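Notes follow once the structure below has been shown.
FYI, side chains are in, hydrogens and waters are out, and symmetry mates aren't considered; it's all heavy atoms of this structure. It should be emphasised that the depicted structure is a prediction, and the values quoted were computed from it without experimental measurement.
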Amino acid sequence: MTADTTLDHVRAVADAVLYEGYVLYPYRASAAKNRARWQFGVLVPPSYAATGTGEHAASRTECLAEVGPDAELTVRLRFLQAQRRTVEVEQADEPGRYREVDALVVGEDELLPWDEAVECEQQVTLPVRRLLASEQYVPVIVRGGAVTTTVEGGRVLRQKQPLTAELRCRAERLPGLVRLHVTVANTATIDCTDHSRDEALRHSLIAAHTVLSLSGGRFLSLLEPPAWAREAGKGCVNEHTWPVLAGPPGSDDTMLSSPIILYDHPKVDPGSHGDFFDACEIDEMLTLRTLTLTDEEKREARATDERARRIVDRVENLPSQPRESMQGRVRIVRLGGQEIGTGSKVVLRPRTNGDAQDMFVAGRVATVRSVLEDVDGTCFLAVTVDGDPAEEWQLAQGRFRYFTTTEVEPYPGEVRP
């Protein structure tokens, strides 16, 4: 597999990290959960971090690698820059003068005030031998600016503040390997002591993470290091970020250091049909929820953000068949040599130390309504108990009992249709 292919694989996951929590269901600016935004990977100005809000100005990554004499480390720093969008209407009694409003209607569309995101990325390649000799400092400078767009009946103003940061990279030699250190620090000198969090965010690196790549060397997993490197792995200190092996299984030349806890070789589920910006939910659930939004709610979501517009448009145009294979759903599992899926019959054998309510259905026959998988890869069967008077109501409401595959057995003579 080529380096470009590996980076494409990593970038898909890194993009999901970049926009995690960006705009949440119901995708409207007025929704409470979208009023306190950007919780992951936020590096605020030092002056704001010093106010005791619990926010921090830097993150620190340490990981292990085996390197050759000419090894080089490439660090890709990726983050979002907040861009404030305001809308104004022209005053009827004073042409050429504008006033800020809560909404601007332009034809059939509507625009709302909102903090948009601008993607930022900086890359540097450094010889490992230089990192072993001394710490290297790489400045990061992102320009600010303002853009005004005139529209029918008013105008849209977009303004972003300049950002300054620093990459601090070094390496230390250990028996048989090296420990790599990468610190990302917000170095803004602006005084944010009296700023609100929303104001401070406009001077912050948001969803900041790094992608580390090695040529002439290989990384070691910190989650499952080889036995000989286990003690060295315990000595790695990571602050506000977690490095994992990235790329396809078996590759070891790339690390993703993410503000979200991940496992080695994370991937975007192939059953996902697009971003929902909420890894705590499954695509199927969010699709169904989005479909239930009223026309007015969808209108506001589209007015909130272009990415929210894409979600609503995608869900409305998604045919019913692909909804059956979304992230979070597993079509078939094998039990006792038999395939079990939706519609299959199973006998319930709940564990004795589980839910006390389950003892009442032990030995009963149930119908599988769905096969699900959680983020840890554990499969669950969503079932209704045959003969339960509430079965029809449960089907209508989507209320099921859930059992792992170790708590059921195939119904004798069960043959999957």
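Using a 3.5 Å distance cut-off with no hydrogens or angles, the side chains of Y263 and E224 do not pair a donor with an acceptor. With no hydrogens or angles considered, a side-chain donor-acceptor pair links T241 and S257 at under 3.5 Å. Residues Q123 and T74 bring no donor and acceptor atom of their side chains to less than 3.5 Å of each other. Neither side chain, T384 nor T367, offers a donor N or O lying under 3.5 Å from an acceptor on the other. R76 and S213 share a donor-acceptor pair across their side chains, judged by distance under 3.5 Å alone.
No donor-acceptor distance shorter than 3.5 angstrom exists from the side chain of S204 to the backbone of I206, with no hydrogens or angles considered. Although no hydrogens or angles enter the test, the distance criterion places no donor-acceptor pair under 3.5 Å between the side chain of E55 and the main chain of A200. In this structure a side-chain-to-backbone donor-acceptor pair under 3.5 Å is present from R37 to D115. With N34 contributing its side chain and R28 its backbone, the two residues share a donor-acceptor pair below 3.5 Å. Side-chain atoms of R179 come within 3.5 Å of backbone atoms of A232 as a donor-acceptor pair (strictly under, hydrogens ignored). A donor-acceptor pair is defined here as one N or O able to donate and one able to accept, closer than 3.5 Å; such a pair exists between the side chain of E297 and the backbone of T294. The closest donor-acceptor contact from the side chain of S47 to the backbone of I190 lies under 3.5 Å. With hydrogens and angles ignored, the 3.5 Å screen pairs no side-chain donor or acceptor of R309 with any backbone N or O of A301. D252 places no side-chain N or O within donor-acceptor distance of the main-chain N or O of F219, the cut-off being under 3.5 Å. The main-chain N or O of R218 is never found under 3.5 Å from a side-chain atom of D253 such that the two would form a donor-acceptor pair.
Side chains of H56 and L43 form a contact here, defined as non-hydrogen atoms less than 4.5 Å apart. Between T187 and T189, the closest side-chain pair of non-hydrogen atoms is not below 4.5 Å. In this structure, S134 and R170 have side chains that are not in contact, with every pair of non-hydrogen atoms separated by 4.5 Å or more. Two residues are said to be in side-chain contact when any heavy atoms from C-beta on lie closer than 4.5 Å; T183 and L167 fail this criterion. Side-chain contact between R60 and E62: present, with at least one pair of heavy atoms (C-beta onward) separated by less than 4.5 Å. Counting only heavy atoms from C-beta outward, the side chains of V383 and F400 never approach each other to under 4.5 Å. In this structure, the side chains of I340 and V371 stay at 4.5 Å or more apart for every pair of heavy atoms. Within the 4.5 Å cutoff, no side-chain heavy atoms of I141 are placed close to those of L163.
Between R299 atom CZ and D109 atom CG the span is 7.5 Å, to the nearest 0.5 Å. Rounding to the nearest 0.5 Å gives a distance of 12.0 Å between CG of L80 and CD of E116. Taken to the nearest 0.5 Å, the NE2 atom of H265 stands 10.0 Å off from the OG1 atom of T254. Note that the NE2 atom of H181 and the CZ atom of R168 stand 14.5 Å from one another [nearest 0.5 Å]. To the nearest 0.5 angstrom, N186 atom CG is 13.0 Å from Y48 atom OH. Atom CD of Q81 sits about 4.5 Å away from atom SG of C120, to the nearest 0.5 Å.
Minimum heavy-atom separation, S251 to G247: OG-C, 3.5 Å. Annotation for G153 and L104: closest pair O-CD1, 4.2 Å, computed over non-hydrogen atoms. Closest of all the heavy-atom pairs between L256 and V211 is CD1-CG2, 4.0 Å. Taking each heavy atom of R158 and V156 in turn, the nearest pair found is NH1-CG1, 3.5 Å. Heavy atoms only, all atoms of each residue included: A71 and V67 are closest at CB-CB, 3.6 Å. Here the closest heavy-atom approach between residue V42 and residue R197 is recorded as CG2-NH2, 4.1 Å.
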_side-chain hydrogen bond (donor to acceptor under 3.5 Å, both in side chains) between E407 and T405, worked out_ = CA-CA 5 Å; E407 297 178 291; T405 53; over 6 Å; no
*After noting the C-alpha distance and the side-chain angles of R202 and Q161, does the key distance pass the side-chain hydrogen bond (donor to acceptor under 3.5 Å, both in side chains) rule?*
CA-CA 6 Å; R202 292 164 196 154; Q161 300 296 326; over 6 Å; no
_Derivation and outcome, side-chain contact (heavy atoms from CB on, under 4.5 Å), residues T61 and L212_ = CA-CA 10 Å; T61 297; L212 313 180; 4.3 Å; yes
_Check against side-chain contact (heavy atoms from CB on, under 4.5 Å), Y98 and T148_ = CA-CA 12 Å; Y98 295 82; T148 301; over 6 Å; no
*Mind running side-chain contact (heavy atoms from CB on, under 4.5 Å) on L112 and E300 for me, showing each step along the way?*
CA-CA 8 Å; L112 303 174; E300 184 185 342; 3.8 Å; yes
*Candidate pair Y27 and T304, rule side-chain contact (heavy atoms from CB on, under 4.5 Å), full reasoning*: CA-CA 7 Å; Y27 310 114; T304 294; over 6 Å; no
*Derivation of the side-chain hydrogen bond (donor to acceptor under 3.5 Å, both in side chains) call for D191 and T193*: CA-CA 6 Å; D191 185 2; T193 304; 2.5 Å; yes
*Walk me through it: do R302 and D313 pass the test salt bridge (charged side-chain N to carboxylate O under 4.0 Å, His left out)?*
CA-CA 9 Å; R302 290 185 170 103; D313 290 347; 2.8 Å; yes
*side-chain hydrogen bond (donor to acceptor under 3.5 Å, both in side chains) evaluation trace for Y19 with R307*: CA-CA 10 Å; Y19 284 100; R307 293 180 177 87; 2.7 Å; yes
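One finds no salt bridge joining E296 and K298 here, because no Lys/Arg side-chain nitrogen approaches an Asp/Glu carboxylate oxygen to under 4.0 Å. Note on R78 versus D15: salt bridge recorded, some NZ/NE/NH1/NH2 to OD/OE distance being below 4.0 Å. Under a 4.0 Å N-O distance rule, the pair R130/E135 does not qualify as a salt bridge. We find that R310 and D305 are not joined by a salt bridge, their nearest charged nitrogen and carboxylate oxygen being 4.0 Å or further apart.
Between W114 and Y22, the ring planes lie perpendicular to each other; the angle is over 60°, past the 30° to 60° tilted range.
Checked against P243 for a side chain to side chain contact (heavy atoms under 4.5 Å, CB included), the options L180, L262, L222, L64 give a single hit: L222.
Residue Q91 qualifies as enclosed at atom CD: its count of foreign heavy atoms under 6.0 Å is above 12.
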